[in-house]
Amino acid sequence: MKLVDLATGSDWIVWIVFVIFAVFSIILLSGHGSWFISGYNTASKEEKEKYDEKKLCRTMGIGMSIIAILALTMGLLENILPAFFVYIALGIILVDVVVIIILENTLCRK
């Protein structure tokens, strides 16, 4: 069974997810877009001073790039990839989120 056999809806949803994650990752990788990071955008000025904003944005950008590349891979190779790749993708996303959280609380602090 291939990944395409699991798809019941339109393929455009995968492409929209890819575009959204790609645009936000480009914004974050450029060092801008701290307004997009949940928790940081609502933090007090004293709390924001504890973090390096550029590193925080770039860390989030790299994490979102991984998810964008994963969506692109699934969109392009849906006729080739096996159906269990969905579980692999979910595992990659879970590990990606955990690594982002760890890095934001260690590497991105001043």
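Fair warning: this is a prediction, and the values are worked out from it, not measured in the lab.
Note on Met64: it does not cluster hydrophobically with Val98, by side-chain heavy-atom contacts below 4.5 Å among ILVMFWY residues. One hydrophobic cluster, built from ILVMFWY side chains closer than 4.5 Å, cannot hold both Ile26 and Ile20; they sit in different ones. Tracing side-chain contacts under 4.5 Å through hydrophobic residues (I, L, V, M, F, W, Y), one reaches Val17 starting from Val19; they form part of the same cluster.
Looking only at side-chain heavy atoms (C-beta outward), Ile66 and Leu70 stay at 4.5 Å or farther from each other.
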Using the side chain to side chain contact (heavy atoms under 4.5 Å, CB included) rule, take Met60 and Glu104 through it: C-alpha gap first, then chi angles, then the decisive distance, then the call.
CA-CA 8 Å; Met60 280 295 296; Glu104 285 180 348; 2.8 Å; yes
For Leu103 and Val99, what are the C-alpha separation, side-chain angles and deciding distance, and is it a side chain to side chain contact (heavy atoms under 4.5 Å, CB included)?
CA-CA 6 Å; Leu103 289 178; Val99 168; 3.8 Å; yes
From CA spacing to verdict: side chain to side chain contact (heavy atoms under 4.5 Å, CB included), Cys57, Leu29:
CA-CA 6 Å; Cys57 288; Leu29 283 172; over 6 Å; no
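With Val97 as the fixed residue, the side chain to side chain contact (heavy atoms under 4.5 Å, CB included) test singles out one of Val95, Ile101, Leu94: Ile101.
Each salt bridge (Lys or Arg N to Asp or Glu O under 4.0 Å) pair with one or both residues in residues 50-62, not counting sequence neighbours, appears once here: Glu47-Lys50. Counting only residues at least two apart or in different chains, ring pair (Phe, Tyr, Trp, His ring centres under 6.0 Å) contacts with residues 29-71 comprise Phe24-Phe36.
In this structure, the separation between CD1 on Ile37 and SG on Cys108 is 8.0 Å, given to the nearest 0.5 Å. Atom-to-atom distance recorded for Asn105:CG and Ile100:CD1 is 12.0 Å, nearest 0.5 angstrom.
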For residues 71-93, which side-chain N or O atoms pair as donor and acceptor with protein atoms under 3.5 Å away, sequence neighbours left out?
from, atom 1, to, atom 2, distance (Å)
Thr73, OG1, Ile69, O, 2.8

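Taking all atoms of both residues into account, the shortest heavy-atom contact from Phe18 to Ala68 is CD1-O, 3.1 Å.
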